[in-house]
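First comes the structure, then the notes that go with it.
When a ligand or atom number is given, it counts from 1 through the structure's own listing order. Residues: numbered from 1 along the sequence shown.
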Amino acid sequence: MSTIKRQQIAAGNWKMNMNYNDGLALAQALVDQNPANNGAHMVLGVPFIHLKGVADIIAGADHIHLAAQNCSEHEKGAYTGQISVDMLNSVGADYVILGHSERREYNAESNALLASKTDRVLAAGLIPIFCCGEALNIREAGTQNAFVANQLQESLFHLSAEDFGKIVIAYEPIWAIGTGVTASPAQAQEMHASIRALIADQYGDEVAEATTILYGGSVKPANAVELFGQPDVDGGLVGGASLKADGFTAIYNAFPAE
Ligand code: 13P
């Protein structure tokens, strides 16, 4: 039995919600509730224009970290409307969510593009939260493990073991996102264990044991305790339920006691 304690993370993905003032008020409420929990990170995945304002608000709260929801695969230059990793670094982001299914679907982000973005994020010293997960028809066909394995293979397995050791994975079955249907704790655990086994095959047990794997898809205060209590579930990536301070604090406090 390994003694590695993986980084536990409750990450909120605000998506395209909250105007600037509402976003700052939410961040301030989360700071004021001050729920620091045994080394776990609370991560706020906010729209680009909120980053600096939220960074200033959370500056004194060591357990709260900042994530962008996307970045450019390019370093800099003539890419109108894009945001570089250097820009994210300069406003205090720690994490970058990559490959969310909404970006894969609406912005045609491919596994190959996400490999480039992952490299870019790591080179900047930021931590990718790499999203993977299958649509309902794939789950119904029973091929979800192979589908997710291919996503990891094509976007991440070119990394060195050292670089892979820096990333966070988020398993987000598309059929559970924003639907109110949550993967059962057993379904989440089964996929997380399968992902960890793939990582072990590629990089060895030590890297696999140390990799934080989050579950996303209708995580709520009412189901977080059971989900986070699964042996291979190291936290959550939370959409709708991250938009209310009380609820998100409850989710952050759902990690099992040591
Ligand atoms: P919901 O928690 O709203 O289902 O969204 C999950 C998600 O997409 C987080 O990235």
Side-chain angles (χ1 to χ4, degrees), residues 8-18 22-23 26-27 30 40-48 50-51 54 64-71 93-107 109 114 117-118 121 126-136 138-139 144 147-148 151-152 155 167-185 187-188 191-192 195 212-228 230 233-255:
Q8 295 176 312
I9 299 173
N13 176 6
W14 293 4
K15 307 189 180 182
M16 197 174 74
N17 293 296
M18 299 275 162
D22 291 345
L26 174 57
L30 289 164
H41 286 183
M42 174 184 279
V43 174
L44 307 183
V46 307
F48 289 132
H50 296 57
L51 284 166
V54 172
I64 307 185
H65 297 256
L66 191 60
Q69 298 176 12
N70 179 36
C71 67
D94 307 300
Y95 294 88
V96 184
I97 298 169
L98 289 180
H100 192 282
S101 57
E102 288 150 15
R103 292 206 57 86
R104 291 175 186 267
E105 181 175 356
Y106 306 137
N107 300 82
E109 294 202 351
L114 292 168
K117 291 193 179 193
T118 300
V121 169
L126 299 169
I127 302 171
I129 298 177
F130 181 87
C131 302
C132 56
E134 80 286 355
L136 183 60
I138 293 170
R139 169 71 53 170
Q144 65 271 11
F147 181 85
V148 168
Q151 289 181 318
L152 300 185
S155 296
I167 73 171
V168 171
I169 308 270
Y171 169 58
E172 297 209 309
I174 296 169
W175 46 271
I177 294 177
T179 58
V181 178
T182 313
S184 69
Q187 285 174 319
M191 179 61 87
H192 284 223
I195 291 171
T212 292
I213 307 177
L214 309 179
Y215 167 77
S218 300
V219 175
K220 302 188 179 353
N223 58 30
V225 170
E226 208 183 346
L227 285 163
F228 295 1
Q230 301 303 307
V233 177
D234 306 309
L237 181 56
V238 186
S242 74
L243 300 175
K244 294 263 188 329
D246 289 355
F248 192 50
T249 295
I251 290 170
Y252 175 71
N253 282 322
F255 290 108

Polar contacts were defined as any N/O atom of the residue lying under 3.5 Å from an N/O atom of the ligand; does this apply to Asn13 and ligand 1? yes
Subset of ligand 1 atoms that lie under 4.0 Å from at least one heavy atom of Ser218: 1 (P), 2 (O), 4 (O)
Out of all atoms in ligand 1, which are within 4.0 Å of some heavy atom of Gly240? Include the element for each. 1 (P), 2 (O), 3 (O)
To the nearest 0.5 Å, tell me how far Arg103 CZ sits from Lys15 NZ. 12.5 Å
Pick out which of Gln151, Gln144, Arg139 makes a side-chain hydrogen bond (donor to acceptor under 3.5 Å, both in side chains) with Glu134. Arg139
Identity and separation of the nearest protein heavy atom to atom 4 (O) of ligand 1: Gly178 N, 2.6 Å
So do Val43 and Val168 actually touch side chain to side chain, heavy atoms under 4.5 Å? no
If you look at every heavy atom in Phe255 and Ala10, which pair is closest and at what distance? CZ-N, 3.9 Å
For His100, counting its heavy atoms only, list the atoms of ligand 1 lying under 4.0 Å from any of them. 7 (C), 8 (O), 9 (C), 10 (O)
Do the side chain of Gln69 and the main chain of Gly45 share a donor and acceptor less than 3.5 angstrom apart? yes
Closest protein heavy atom (residue, atom, distance) for atom 6 (C) of ligand 1: Gly239 N, 3.7 Å
So Val46 and Leu51, do their side chains get closer than 4.5 Å, heavy atoms only? yes
In this structure, atom 9 (C) of ligand 1 is nearest to the protein heavy atom Glu172 OE2, 2.9 Å
I need the atoms of ligand 1 closer than 4.0 Å to a non-hydrogen atom of Gly217, numbered in the order shown. 4 (O), 6 (C)
Quick one: does Lys220 get a heavy atom under 4.0 Å from ligand 1? no
Parallel, tilted or perpendicular: rings of His192 and Tyr171 (30°, 60°): perpendicular
Closest approach of any protein heavy atom to atom 5 (O) of ligand 1, naming residue and atom: Lys15 NZ, 3.3 Å
So which bit of Ile177 gets within less than 4.0 Å of ligand 1, heavy atoms only: side chain, backbone, both or neither? both
Ignoring hydrogens, what is the shortest heavy-atom contact between Thr118 and Ser155? Give both atom names and the distance. OG1-O, 4.2 Å
Atoms in ligand 1 flagged as close to Ala176, the criterion being non-hydrogen separation under 4.0 Å: 4 (O)
